[in-house]
Structure formats: C-alpha cells, structure tokens
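Notes for the one structure printed next.
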Amino acid sequence: MNDASIRVVIADDQALLRGGFRILIDSADDLEVVGEAETGREAIEIVRRTTPDVVLMDIRMPELDGLAATREIAADPDLDDVRIVILTTYEVDEYVLQALRAGACGFLGKGMRPAELPEAIRVAARGEALLSPRATQTLITRYLALPDGPPPVRSGELSGLTDREREIVALVAEGLSNEAIADHLIISRQTVRTHVHRAMAKLRARDRAQLVVIAYQTGLVRPAAADR
C-alpha cells in the first residue's frame, strides 16, 4: 500500500461479511483496511486508535449498536475528518434516518454489487454523501417529518451563498454527484468541489449529507418533488 491509500475500518458483527469486505477493499491499490470491529464499542476504540478515512458501520451490533457508535465518533472533534458509511439491508428505513442525524455521511446497501464497494469508499473519502438520487428525497422527506427531527433553518440562512452556490447546493440535494453537476452546468469538477466546500463552510455543514438536509429545511428544494 502507498502512503496515499484510503484507510478503512470495517465494523460488523458478522465475521464472514467483514472478511468479504476486506478482500474487496485490500484488492484495490488505493484502499487499505486498518481495522475490524465486531461491536460498536470496539469500533469506537479502533477508530480513535487508527483515525481512518472511512468507517463502514453496521447498525445491529452487540454491546453498542452502530447508531450510538456513529454518534460518539461524530461528536469527537479529533475525528472530524472520519467519514462514516452505514451498512444497511434496506436503502430507506428508520435506522438510516437516525444514522444521518447521528452524523453518518450516507449509507450503503449490503446487496450492492462487489464492484460498487471500492468506489463508494472513494466517494465517502472525498467528503461526498452516499445518498443515491432514487432514495435521497424520500429519506430527507421522512427525516424532516420526524417529531424530533432537525431544528428549523430559515431561508435567510442561504443569504450568504452566491447564486452559483445556491444552484449547486440544490443539485447536491437532488442526489447528483460532483461529476454529474459539472456535466449539467458545463463547468469543471474542481469548480463544483470548490463551490460545494464554500457552501458547506458558510452553512456550517459537516458534510454533503447535512448540506442536503439544509437545502430541504430552507425550501431551496421541495420534498414534494419525491412524489413525482
């Protein structure tokens, strides 16, 4: 492995699944598994010790579940750069919504094709949200409707954004990747990344997943679009 490898921790109580993920990850030249955990508590300890770039976190684990572990990792300022991807059997469920609230950057279905795993890890490591276009609006609509959902954000919160930044945040909220946004607006991917990072800084969003939530909270994107 080279020094620029994306470092990954796998947290799942099924040894067979962890082993399969390790084989897929370690077979990529730019990815490296630096730790495995079978409980939420162990996951926290390993993440603090190894400070990986990405954590693949199962929800249902003994001792401490993945949601609680995600919440604790996301709350640690020393682990701000760690991206947590939730492993889930179902793409849209209550656990995924809770995971986003806890600080996860997205989710990955356990039924994914093997070739999808390495690229998903790379996407997460770049700070992009793993929220598919098909599921993003449904997830966020349900998320905002929860009784203990996020505090309201006034539309005025977007006043500090440029017109281009607002446009790009809206496209991010629709589930588009940086590459898709670049193609849509006929600009470079680097330009898209710059606008996304500036918008995140201005809105104090931890990652793209939170940027998506803010876009819906402020009315920049309408949840009703999910029904079309």
Side-chain angles (χ1 to χ4, degrees), residues 4 6 30 53-54 70 74 77 79-86 91-92 96-97 99-108 116 118-146 149-228:
I6 296 171
D30 61 334
D53 300 296
V54 176
T70 294
L79 302 175
D80 276 347
D81 293 331
V82 176
R83 300 302 172 200
I84 303 171
V85 177
I86 296 296
E91 193 172 52
V92 178
V96 173
L97 297 174
L100 291 176
R101 296 220 309 275
C105 73
F107 57 88
L108 201 55
E116 293 177 327
E119 183 55 29
I121 292 171
R122 296 181 188 108
V123 169
R126 291 197 298 265
E128 297 186 26
L130 280 171
L131 299 171
S132 70
R134 179 167 67 86
T136 295
Q137 293 178 332
T138 301
L139 271 171
I140 299 301
T141 299
R142 292 180 59 193
Y143 174 42
L144 295 177
L146 292 174
V153 176
R154 297 181 299 275
S155 59
E157 298 290 333
L158 300 178
S159 62
L161 301 184
T162 65
D163 289 342
R164 179 63 95 183
E165 287 167 353
R166 289 168 66 99
E167 182 179 26
I168 288 177
V169 169
L171 293 173
V172 168
E174 291 177 10
L176 273 65
S177 66
N178 282 357
E179 183 175 4
I181 294 172
D183 291 342
H184 178 73
L185 298 179
I186 316 178
I187 57 178
S188 72
R189 274 179 282 182
Q190 181 56 51
T191 298
V192 174
R193 281 195 294 269
T194 298
H195 285 305
V196 169
H197 290 159
R198 285 176 178 170
M200 287 171 56
K202 290 178 180 179
L203 297 173
R204 298 180 181 177
R206 171 186 169 92
D207 51 35
R208 286 171 71 108
Q210 291 190 359
L211 203 60
V212 170
V213 172
I214 291 172
Y216 278 89
Q217 286 179 284
T218 58
L220 183 63
V221 175
R222 300 290 180 181
D227 297 328
R228 288 202 300 265

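The first residue of the sequence shown is numbered 1, and numbering continues consecutively from there.
Counting heavy atoms from C-beta outward, Leu220 and Ile214 have side chains that stay 4.5 Å or more apart. Counting only heavy atoms from C-beta outward, the side chains of Val192 and Leu185 never approach each other to under 4.5 Å.
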What side-chain donor-acceptor pairs closer than 3.5 Å can you find for residues 118-126, not counting sequence neighbours?
| from | atom 1 | to | atom 2 | distance (Å) |
| --- | --- | --- | --- | --- |
| Glu119 | OE1 | Arg122 | NH1 | 3.4 |
| Arg122 | NE | Asp30 | OD1 | 3.4 |
| Arg122 | NE | Asp30 | OD2 | 2.7 |
| Arg122 | NH2 | Asp30 | OD1 | 3.0 |
| Arg126 | NE | Glu128 | OE2 | 3.3 |

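Distance check: His184 NE2 to Glu167 CD gives 6.5 Å after rounding to the nearest 0.5 Å. Ser159 OG to Arg166 CZ: the interatomic distance, rounded to the nearest 0.5 Å, is 8.5 Å. Going from atom OG1 of Thr218 over to atom CG of Leu158 covers 4.0 Å, rounded to the nearest 0.5 Å. Note: Ser188 OG to Asp183 CG = 11.0 Å, rounded to the nearest 0.5 Å. One finds the NZ atom of Lys202 at 12.0 Å from the CG atom of Leu211 (value rounded to the nearest 0.5 Å).
Here the closest heavy-atom approach between residue Gly160 and residue Glu165 is recorded as O-OE1, 4.2 Å. Closest non-hydrogen pair, Ile86 versus Ala104, comes out as CG1-CB, 3.7 Å.
When Asn178, Ile168, Leu161 are each tested for a side-chain contact (heavy atoms from CB on, under 4.5 Å) with His195, only one passes: Ile168.
For Asp81, the salt bridge (Lys or Arg N to Asp or Glu O under 4.0 Å) test picks out no residue, with sequence neighbours left out. Residues passing the side chain to side chain contact (heavy atoms under 4.5 Å, CB included) test with Arg189 are Glu179, Ala182, Arg193, sequence neighbours excluded.
With a 6.0 Å radius and a threshold of 12 heavy atoms from other residues, nucleotides or ligands, Asp163 has its CG atom at or below the threshold.
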Checklist entry - Could you go step by step and tell me if Thr162 and Arg198 meet the side-chain contact (heavy atoms from CB on, under 4.5 Å) rule? => result CA-CA 10 Å; Thr162 65; Arg198 285 176 178 170; over 6 Å; no
